[in-house]
Structures are given as C-alpha cells and as structure tokens.
Q: 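There's a structure below that I have some questions on.
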Amino acid sequence: MNAEFDFKKRNVLVFGGTSGINLGIAEAFARAGATVGVVGRNEEKAEAARTAVAAHGGDAFCYSADVRDFEAVSSVYKSFVRDAGGKIDILISGAAGNFPAPALGMSPNGFKSVVEIDLLGTFHVLRAGFEHLNQPGASIINISAPQAEIAMPLQSHVCAAKAGVDMVTRTLAIEWGPMGVRVNSVIPGPIDGTEGMARLAPTEKMREAVEKAVPLQRMGTVDDVADVCLFLSSDAARYVTGVILPADGGAVAAGSAGMGMSGMHHS
C-alpha cells in the first residue's frame with residue numbers, strides 16, 4: 001500500500017477520475033497527502049467521486065467536462081488552479097471510451113467517437129494543461145491500454161487510439177523534457193473489481209481463465225496500478241520519461257495469450 005510516497009503540497013488533477021481505475025488513482029494520491037481534482041463527463045458522478053476522494057484525506061475538488069471539447073477542458077484547468085491555490089504538479093489523463101465491435105459491424109461514427117475520446121481527448125488534456133503545470137518537476141501520466149501493444153479482435157478503434165496515445169506520450173516526453181516535464185504512459189492489465197472486468201469475465205470459469213493467462217497468475221487490483229502512478233510521479237522516478245509501463249502481471253509480455261480480451265477493462 002502506498003504509504004511510502006509523500007505528496008503533501010502537491011496538486012493532482014485526474015481526467016476520467018470518476019470511476020474504476022482512475023478513481024482509485026485519485027484516492028491513492030489523496031491518501032498520500034495531495035490536493036486532488038477529479039474530472040468526468042457527468043456532474044453527479046464527479047460529485048460522488050469528490051466525496052470518495054475526500055474520504056481519504058486532504059482537499060478534493062470536482063469538475064465536469066467532455067475531453068472532446070478543448071474549451072471545456074481549458075476551463076477546468078483555470079478552475080482547479082484557482083481552487084487548489086497553485087500550479088498543477090501531477091496530471092493524469094485517463095478518459096476513455098470503448099465498446100466491442102468488429103470493423104465490419106462498426107459505423108465510421110463509432111470508430112471516430114472512440115478515437116476522439118481516447119486520442120484527441122488526450123491531446124486536449126495535455127495541450128491545455130501544459131501552461132498550468134509546475135514545470136520543471138511536473139509529471140504527466142496517460143492511462144493507456146494493452147490494445148496499444150496487442151492487436152485484439154473487436155477492438156480496431158481502441159487499438160488505433162491507444163497506440164496513438166502512447167506515441168503522443170513518447171513525442172511529448174521529447175518536446176517537453178527540456179522544460180523539466182516528464183510524460184509517461186501506464187498500461188493497466190486485467191484489473192479486478194472494475195466494470196469492464198465484470199463484463200468480460202462474469203463467470204468464475206472465465207475469471208480463472210484470465211488469471212491463468214497472466215504470468216503472475218492473478219488479476220490486478222486498482223492499487224497495483226495506483227502505486228505505479230505514485231512511483232512515476234515521485235522523485236524516485238525523476239529520471240524516467242517517455243516510458244510505456246504495463247502494470248499487468250506480465251500480460252502484455254505474454255502477448256495475446258496473456259490478454260485474451262481481458263484488456264478491455266476500461267470503466
């Protein structure tokens with residue numbers, strides 16, 4: 001558990017932070033002493049997430065915005081910087097959309113909407129956020145997915161979008177490195193207790209199959225991913241940038257055998 005990291009007096013903003021893995025990341029930063037803002041599309045969900053994060057200590061704020069809307073994203077930054085009383089030290093970009101469909105069963109609009117949320121949304125979050133970052137020393141983490149590395153049937157839109165996200169990570173690590181801003185991606189594997197995992201492995205037998213396929217022989221927890229984000233944002237990772245880091249028990253290394261369809265964990 002994340003006791004060894006101290007983020008007191010650090011401001012953390014989590015896009016897509018109203019549920020699942022991203023909410024768990026926000027809560028972990030709150031436990032580590034940070035001031036945390038969560039952003040989601042739905043106002044009620046954002047308020048519920050703010051309450052959940054505040055229960056872990058520290059100040060918590062919430063905002064609603066659609067990452068496809070650059071102006072809405074920009075105004076979130078202005079509000080959070082005002083509410084938190086300072087610049088942003090850590091930025092987590094985790095908004096994502098997904099639905100399983102074969103390419104021939106998907107409308108161009110369906111493909112476009114996932115690319116707009118995942119890829120264009122990531123660009124909006126990073127592009128609008130840069131001026132508000134406490135550089136040098138700022139940490140940006142994009143929450144990617146195994147689909148960025150492993151081609152999966154029914155996932156052409158997500159595979160394309162997340163591969164794009166990881167290339168944005170690498171490119172901005174190069175462009176923003178001289179300003180002292182670090183940019184990394186984290187790839188969560190099959191994570192227990194998420195909505196996506198409940199959809200993918202609803203039966204005990206399916207759960208067992210997923211666990212067997214993962215080299216570490218278990219599903220991950222939200223904390224397994226959150227701890228990696230704490231590490232990457234801490235001074236312990238001060239020389240780490242441009243990295244695509246799976247927190248997945250070895251699933252990506254095992255290739256499609258290690259993932260099956262379990263990469264579709266987004267919630």
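What you see below is based on every heavy atom in this structure, not just the backbone, and it leaves out hydrogens, waters and symmetry mates. This is a predicted model, so every value here is computed, not measured.
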Q: What's the shortest heavy-atom distance between Glu116 and Leu120, and which atoms?
A: O-CB, 3.3 Å
Q: Does Arg218 come within less than 4.0 Å of Asp224, counting only side-chain N to carboxylate O?
A: yes
Q: Under 4.0 Å between a Lys/Arg side-chain N and an Asp/Glu carboxylate O for Asp235 and Arg10?
A: yes
Q: How far does OH of Tyr77 sit from CD1 of Ile88, to the nearest 0.5 angstrom?
A: 6.0 Å
Q: So Met197 and Val210, side chain to side chain contact (heavy atoms under 4.5 Å, CB included) or not? Walk me through it.
A: CA-CA 10 Å; Met197 212 56 242; Val210 171; 4.1 Å; yes
Q: Answer yes if Val243 and Ile143 sit in the same cluster of Ile, Leu, Val, Met, Phe, Trp and Tyr residues linked by side chain heavy atoms under 4.5 Å apart, and no otherwise.
A: yes
Q: Answer whether the closest heavy-atom distance between the side chains of Met179 and Phe130 falls below 4.5 Å.
A: yes
Q: How long is the gap from OH on Tyr239 to CZ on Arg182, to the nearest 0.5 Å?
A: 12.5 Å
Q: If I compare all heavy atoms of Phe231 with all of Ala237, which pair ends up nearest, and what's the gap?
A: O-CB, 3.3 Å
Q: Arg41 and Arg68: side chain to side chain contact (heavy atoms under 4.5 Å, CB included), yes or no, with the steps?
A: CA-CA 10 Å; Arg41 261 183 294 185; Arg68 292 171 290 190; 3.2 Å; yes
Q: Would you compute the distance between atom OG1 of Thr35 and atom CG of Asp59 and round it to the nearest 0.5 angstrom?
A: 4.5 Å
Q: Quick check on the hydrophobic clustering: are Val115 and Phe15 connected, directly or via other members, by side-chain heavy-atom contacts under 4.5 Å?
A: yes
Q: Do you know the tightest heavy-atom contact between Val38 and Ala49?
A: CG2-CB, 4.0 Å
Q: Does the side chain of Phe29 reach to within under 4.5 Å of the side chain of Ile92, using non-hydrogen atoms?
A: yes
Q: Among Thr169, Asn184, Asp118, which one satisfies side-chain hydrogen bond (donor to acceptor under 3.5 Å, both in side chains) with Asn142?
A: Thr169
Q: Do you reckon Val225 sits in the same ILVMFWY cluster as Val240, going by side-chain contacts under 4.5 Å, direct or chained?
A: yes
Q: Find out whether Leu126 and Ile140 are in side-chain contact, i.e. whether some heavy atom of one side chain is under 4.5 Å from a heavy atom of the other.
A: yes
Q: Above 12 or not: heavy atoms from other molecules or residues under 6.0 Å from NZ of Lys87?
A: yes
Q: Mark yes or no for whether Ser144, through its side chain, and Val186, through its backbone, hold a donor-acceptor pair below 3.5 Å.
A: no
Q: Out of curiosity, does Val81 fall in the hydrophobic cluster containing Val181 (side-chain heavy atoms, cut-off under 4.5 Å, transitive links)?
A: yes
Q: Using a distance-only test with no angle check, is there a side-chain donor-acceptor pair under 3.5 angstrom linking Gln147 and Gln155?
A: yes
Q: With the side chain counted from C-beta on, respond yes when Ser233 and Ile141 share a heavy-atom pair under 4.5 Å apart, and no when they do not.
A: yes
Q: Assess whether side chain to side chain contact (heavy atoms under 4.5 Å, CB included) is satisfied between Ile244 and Arg170, documenting all intermediate values.
A: CA-CA 8 Å; Ile244 315 300; Arg170 291 186 176 111; 3.4 Å; yes
Q: Rounded to the nearest 0.5 Å, what separates atom CG in Asn134 from atom CG in Asp89?
A: 4.5 Å
Q: Check whether the ring centres of Phe80 and His132 lie less than 6.0 Å apart, and answer yes or no.
A: no
Q: Atom OG in Ser113, atom NE2 in His157: separation rounded to 0.5 Å?
A: 7.5 Å
Q: Say whether, by atom type as modelled, one donor and one acceptor occur between the side chain of Gln217 and the main chain of Lys212 under 3.5 angstrom.
A: yes
Q: Looking only at non-hydrogen atoms, find the nearest pair between Arg207 and Ala201 and report the distance.
A: CG-O, 3.6 Å
Q: Using the rule that two of Ile, Leu, Val, Met, Phe, Trp, Tyr join whenever any of their side-chain heavy atoms come within less than 4.5 Å, decide whether Phe111 and Val114 are in one cluster.
A: yes
Q: Is the shortest side-chain heavy-atom distance between Pro190 and Val214 below 4.5 Å?
A: yes
Q: Please report the closest heavy-atom contact between Gly24 and Val222, naming both atoms and the distance.
A: CA-CG1, 3.4 Å
Q: Report yes if some heavy atom in the side chain of Arg31 is under 4.5 Å from a heavy atom in the side chain of Asp223; otherwise report no.
A: yes
Q: Show the nearest heavy-atom pair for residues Ala247 and Ile191, with the distance to one decimal.
A: O-CD1, 4.5 Å
Q: Between Glu208 and Lys205 (salt bridge meaning N to carboxylate O under 4.0 Å), is one present in this structure?
A: no
Q: Using a 6.0 Å cut-off, check whether atom CD of Glu175 has over 12 heavy atoms from anything other than its own residue.
A: yes
Q: Compare all side-chain heavy atoms of Val252 with those of Ile150 and state whether any distance is below 4.5 angstrom.
A: yes
Q: Evaluate the side chain to side chain contact (heavy atoms under 4.5 Å, CB included) criterion for residues Thr122 and Val67: first the C-alpha distance (whole Å), next the side-chain angles of each, then the deciding distance (0.1 Å), finally the verdict.
A: CA-CA 8 Å; Thr122 297; Val67 294; over 6 Å; no
Q: Is there a side-chain contact between Asp166 and Glu149, using heavy atoms and a 4.5 Å cut-off?
A: yes
Q: When rounded to the nearest 0.5 angstrom, what is the spacing between OG1 in Thr171 and CH2 in Trp176?
A: 11.0 Å
